[in-house]
Peer 1: 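Here it is, the structure in full.
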Amino acid sequence: MPYIASEHTHPSSDELRARIPGWGADLDPADRPSVPRERSDLASGAHWVIPEQQPELRRRERSVEHGMLPPVFGTAQPLHGISGLIRGAAYKRFSEAQTAHWLLLILGDRVDVIGSRARSTVRGRPDNPIRETGVLSEIGRHPIGSRFGRGRADVKHSWLDPVIVLGPVSVLALVLVARRRR
Amino acid sequence: MRAMVYRGPYRIRVEEKPIPKIEHPNDAIVRVTRAAICGSDLHLYHGMMPDTRVGSTFGHEFIGVVHEVGPSVQNLAVGDRVMVPFNIYCGTCYFCAKGLYSNCHNVNPNATAVGGIYGYSHTCGGYDGGQAEYVRVPLADVGPSIIPDWLHEEDALMMTDALATGYFGAQLGDIVEGDTVVVFGAGPVGLFAAQSAWLMGAGRVIVIDHLDYRLEKAREFAFAETISFTDVNDIVLELKKQTDWLGADVIIDAVGAEADGNVIQHVSAAKLKLQGGSPVALNWAIDSARKGGTISVMGAYGPLFSAVKFGDAMNKGLTIRTNQAPAKRQWPRLLEHIQAGRLVPRDVITHRIPLEYVAEGYHLFSAKLDGCIKTVITTEP
């Protein structure tokens with residue numbers, strides 16, 4: 001049958017209204033709070049034109065795409081150590097449009113993990129992979145029945161997860177094995 | 001105070017941290033009573049988001065009680081029970097003045113492409129999140145709202161992101177009466193998007209996932225038709241068959257960066273971090289939409305590039321609409337829907353876990369164990 005101009009097949013509106021709680025309550029776009037998406041008549045609660053500037057108590061990195069330090073910012077984990085140098089370079093040298101910006105930040109993340117694990121060990125609170133990965137939650141939560149025989153797409157590659165979790169340890173082990181063989 | 005702390009991909013623990021301080025005159029410090037783990041928290045947990053620093057506390061879905069306020073705070077007082085939208089925003093910048101609260105330009109030094117989000121890496125501003133006993137809430141006069149007495153606290157918690165995002169996603173679809181709406185992803189955002197599509201007059205709502213228990217939830221909770229993409233050879237072809245060979249009018253991507261269904265795309269993005277996100281669901285959306293249709297992207301993607309089939313999108317004349325939801329803009333209408341009984345958002349919650357066991361909570365949510373759909377973290381009995 002050739003294609004013709006007709007609506008999709010679907011149940012009648014009366015049928016849907018009877019079956020689905022609230023069907024059509026927001027049929028009128030005027031009832032949808034983000035229609036239109038841009039509106040200039042909203043009351044935000046702000047009582048400023050520009051928010052007061054938060055004090056910059058220690059130097060705060062920022063994207064080169066910002067003309068100035070925004071008035072409000074997070075201070076949760078300041079740059080530090082080698083990872084801080086890498087991240088600092090990403091912010092200072094590359095705009096968000098540059099792939100190098102993001103790749104350097106990801107590199108900084110990995111260096112941060114290695115450094116923090118070393119520091120944690122030195123400080124007497126080493127990382128506990130059993131507790132931190134949460135694998136104990138498998139107990140009593142149907143680890144096999146939840147995963148297999150149910151058509152889950154992710155079981156094909158979930159074996160990679162432990163490789164990632166144990167990645168740094170695995171690399172170290174491989175290096176040690178290679179040295180011994182020499 | 002006790003707080004969830006990121007230790008690297010797939011690793012978190014609970015640590016003692018100092019209670020946050022007022023750092024800006026319009027800050028509030030909120031004592032968290034309930035927080036939730038969002039599907040997008042898993043992108044952080046899996047190490048996908050650039051500049052996620054060790055020591056970070058995640059959590060952009062939380063409610064609590066105001067513990068302290070800065071000197072310029074006028075709209076809140078100590079002791080108020082508040083729900084806090086996941087967006088941090090100033091309310092007056094170029095973008096906020098247009099109602100684009102999720103795109104505020106005054107709260108995130110680290111990036112201009114995204115606004116400020118609690119507990120979502122330094123790429124989103126470097127704020128600690130609410131999976132802790134206390135959290136700093138900047139610009140407290142614009143973000144938080146007092147929780148109405150009649151509102152169940154877990155419904156309030158769902159409004160801080162998941163419900164608002166699902167509802168917003170349906171709005172971006174510009175649904176008209178009788179539209180066929182396909183939702184990729186039967187997580188909380190997808191379930192809420194499916195419910196919202198009905199509110200907006202959809203004629204059919206079809207939810208796609210591969211997790212059988214979530215599809216069952218989509219049938220019960222959102223009255224949707226469902227398809228498991230692992231039950232069919234080609235989900236795009238199946239959707240064409242089911243839509244008179246035309247394709248769906250509106251498609252909502254509620255999956256995002258860790259979409260499954262194509263091993264190469266998934267592994268290259270989610271495991272090897274070579275893409276900003278796995279665009280499997282987005283590509284399926286492009287290919288299964290009708291010509292001239294609309295795609296609403298609510299799934300979160302990272303800032304790196306992704307292998308998106310843009311040629312098909314262009315040739316089909318699709319409208320692709322996206323944004324982080326400006327959560328608070330949705331609240332007045334969502335409160336009406338909840339009060340009228342049209343929405344019961346807390347029904348998506350499957351697990352409640354004390355903060356001490358947050359690592360276990362993340363693992364069971366990430367591994368999709370025990371029928372997990374939404375996990376709530378409790379900081380007090």
Side-chain angles (χ1 to χ4, degrees), chain A residues 7-10 20-27 32-35 38-40 42 44-46 49 51-52 54 60 62-63 65-66 69-77 96 102 105-106 109 112-113 116 127 131-137 141-142 146 150-154 156-157 160 164-165, chain B residues 7-11 13 23-25 50-55 75 90-92 97-99 106-107 109-113 125-128 138 141-142 168 171 178 180 198-201 203-204 210 212 223 228 230 244 260-261 263 267 271 303-304 329-330 333 342 359-360 362-364 369-370:
Chain A
E7 292 303 312
H8 279 131
T9 311
H10 62 79
I20 313 286
W23 184 88
D26 290 340
L27 201 50
R32 304 178 188 178
S34 280
V35 177
E38 296 190 15
R39 284 175 56 182
S40 54
L42 300 169
S44 71
V49 176
E52 283 184 63
Q54 180 177 331
R60 182 63 163 80
R62 65 179 162 90
S63 166
E65 293 183 44
H66 268 304
L69 182 68
V72 181
F73 49 88
T75 57
Q77 290 81 34
E96 296 160 56
W102 302 109
L105 288 176
I106 292 171
D109 290 351
D112 190 10
V113 170
S116 64
D127 285 73
R131 188 68 216 277
E132 291 177 6
T133 53
V135 292
L136 294 177
S137 63
R141 288 202 169 92
H142 319 104
S146 291
R150 311 184 67 153
R152 280 180 62 161
D154 54 337
K156 290 179 192 164
H157 51 73
L160 271 172
I164 292 164
V165 174
Chain B
R7 295 292 303 164
Y10 293 83
R11 288 195 185 192
R13 69 186 183 196
E23 299 183 47
H24 179 279
D51 210 357
T52 301
R53 301 182 188 174
V54 172
N75 300 335
C90 74
T92 54
K98 296 175 185 296
N106 269 337
V107 292
N110 298 76
T112 57
Y127 300 92
D128 267 342
D141 279 333
V142 297
F168 178 69
Q171 289 172 75
T180 295
W198 291 126
L199 295 176
M200 292 167 207
R204 288 180 72 190
H210 65 115
D212 54 359
F223 306 98
S228 169
T230 58
D244 307 318
D260 227 312
V263 173
V267 170
K271 307 299 182 201
L304 270 177
R329 267 184 75 175
Q330 320 310 316
R333 186 63 175 155
R342 293 189 281 263
E360 285 77 6
Y362 267 85
H363 179 78
L364 76 89
L369 297 178
D370 199 30

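By convention in this document, chain letters (A, B, ...) are assigned in the order of the sequence lines, proteins followed by strands, and residues within each chain are numbered from 1. Small disclaimer: the values here were computed from a predicted structure and weren't measured.
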Peer 1: For chain A, find which of B:A359, B:G126, B:A97, B:P109 contributes the most heavy-atom pairs closer than 4.5 angstrom.
Peer 2: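 Of B:A359, B:G126, B:A97, B:P109, B:P109 has the most heavy-atom pairs under 4.5 Å with chain A.
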
Peer 1: Flag the one option from B:D244, B:N106, B:D128, B:V107 with the top tally of heavy-atom pairs under 4.5 Å to chain A.
Peer 2: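 Between B:D244, B:N106, B:D128, B:V107, the count favours B:N106.
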
Peer 1: Need one label for B:N110: side chain, backbone, both or neither, based on atoms under 4.5 Å from any heavy atom in chain A.
Peer 2: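 Both parts, heavy atoms under 4.5 Å.
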
Peer 1: With only heavy atoms counted, which part of A:L69 is less than 4.5 Å from chain B, the side chain, the backbone, both or neither?
Peer 2: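 For A:L69, the contact with chain B is made by the side chain alone.
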
Peer 1: Can you measure from OG (A:S137) to CG (B:D370) and round to the nearest 0.5 angstrom?
Peer 2: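 The CG atom of B:D370 is 9.0 Å from OG of A:S137, to the nearest 0.5 Å.
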
Peer 1: Would you mind checking which part of B:R333 comes under 4.5 Å of any heavy atom in chain A, side chain (CB onward), backbone (N, CA, C, O), both or neither?
Peer 2: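 When you check distances to chain A, only side chain atoms of B:R333 fall under 4.5 Å.
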
Peer 1: Does B:M200 offer a backbone N or O that forms a donor-acceptor pair with the side chain of A:R32 under 3.5 Å?
Peer 2: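 Yes, the answer is positive, given that a donor and an acceptor are paired below the 3.5 Å cut-off.
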
Peer 1: Look at B:P50, B:G8, B:G55, B:G91 and state which one has the largest set of heavy-atom pairs under 4.5 Å with chain A.
Peer 2: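 Option with the greatest count: B:P50.
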
Peer 1: Distance-only, no hydrogens or angles: does the B:T112 side chain make a donor-acceptor pair with backbone N or O of A:H66 under 3.5 Å?
Peer 2: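 Such a contact is absent between B:T112 side chain and A:H66 backbone.
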
Peer 1: With distance as the sole test, does B:R7 use its side chain to make a donor-acceptor pair with the main-chain N or O of A:T133 at under 3.5 Å?
Peer 2: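 Flag not set: sc B:R7 to bb A:T133 has no pair under 3.5 Å.
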
Peer 1: If you round to the nearest 0.5 Å, how far is CD of B:E23 from OG1 of A:T75?
Peer 2: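 Spacing of OG1 (A:T75) from CD (B:E23) equals 3.0 Å.
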
Peer 1: Among A:S116, A:A76, A:P33, single out the residue with the greatest number of heavy-atom pairs under 4.5 Å to chain B.
Peer 2: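 Of the candidates given, the most pairs with chain B belong to A:P33.
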
Peer 1: Given the options A:V35, A:L105, A:I106, A:L136, which has more heavy-atom pairs under 4.5 Å with chain B than any of the others?
Peer 2: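 The candidate making the most pairs under 4.5 Å is A:L105.
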
Peer 1: Should the pair A:D112-B:R53 be classified as a salt bridge under the 4.0 Å nitrogen-to-oxygen rule?
Peer 2: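 No.
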
Peer 1: What part of A:R60 is in contact with chain B, defined as an atom under 4.5 angstrom from a non-hydrogen atom: side chain, backbone, both or neither?
Peer 2: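 Contact with chain B: side chain only.
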
Peer 1: Only pairs of heavy atoms separated by less than 4.5 Å count here; which of A:R62, A:E38, A:E65 has the most with chain B?
Peer 2: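 Top option by heavy-atom pairs under 4.5 Å: A:E38.
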
Peer 1: Closest approach of A:D154 and B:D260, non-hydrogen atoms and distance?
Peer 2: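 It is CB-OD2, 3.3 Å.
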
Peer 1: Can you tell me if B:T230 uses its side chain to pair, donor with acceptor, with the backbone of A:G151 under 3.5 Å?
Peer 2: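 Answer holds: yes.
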
Peer 1: Side chain, backbone, both or neither: which part of B:A111 has a non-hydrogen atom closer than 4.5 Å to chain A?
Peer 2: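 For B:A111, the contact with chain A is made by backbone and side chain together.
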
Peer 1: In terms of heavy-atom pairs under 4.5 Å with chain A, which of B:D212, B:L369, B:L199 leads?
Peer 2: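 Highest number of heavy-atom pairs under 4.5 Å: B:L199.
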
Peer 1: Select one option (side chain, backbone, both, neither) describing which atoms of B:V267 are under 4.5 Å from chain A's heavy atoms.
Peer 2: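 The side chain, not the backbone.
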
Peer 1: Out of B:Q330, B:Q171, B:R342, which one racks up the most heavy-atom pairs below 4.5 Å with chain A?
Peer 2: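 The answer is B:Q171.
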
Peer 1: Any side-chain to backbone donor/acceptor pair from B:R13 onto A:E132? Under 3.5 Å, distance only.
Peer 2: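 Answer holds: no.
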
Peer 1: Quick check against the 3.5 Å criterion: does B:D141 have a side-chain atom that pairs as donor or acceptor with the backbone of B:N75?
Peer 2: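 Side chain of B:D141 to backbone of B:N75, a donor-acceptor pair under 3.5 Å: yes, one is there.
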
Peer 1: Any side-chain to backbone donor/acceptor pair from B:H24 onto A:V72? Under 3.5 Å, distance only.
Peer 2: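 Such a contact is absent between B:H24 side chain and A:V72 backbone.
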
Peer 1: Determine the option with the most heavy-atom pairs under 4.5 angstrom with chain B, choosing from A:S40, A:P71, A:P51.
Peer 2: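 Highest number of heavy-atom pairs under 4.5 Å: A:P71.
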
Peer 1: Go through A:G24, A:A46, A:P21 and name the one with the most non-hydrogen pairs under 4.5 angstrom from chain B.
Peer 2: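 Ranked by contacts with chain B, first place is A:G24.
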
Peer 1: At a 4.5 Å cut-off on heavy atoms, which part of A:E96 comes close to chain B: side chain, backbone, both, or neither?
Peer 2: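 When you check distances to chain B, only side chain atoms of A:E96 fall under 4.5 Å.
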
Peer 1: Relative to chain A, which segment of B:F223 carries a heavy atom at a distance below 4.5 Å: side chain, backbone, both, or neither?
Peer 2: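 B:F223 touches chain A through backbone and side-chain heavy atoms alike.
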
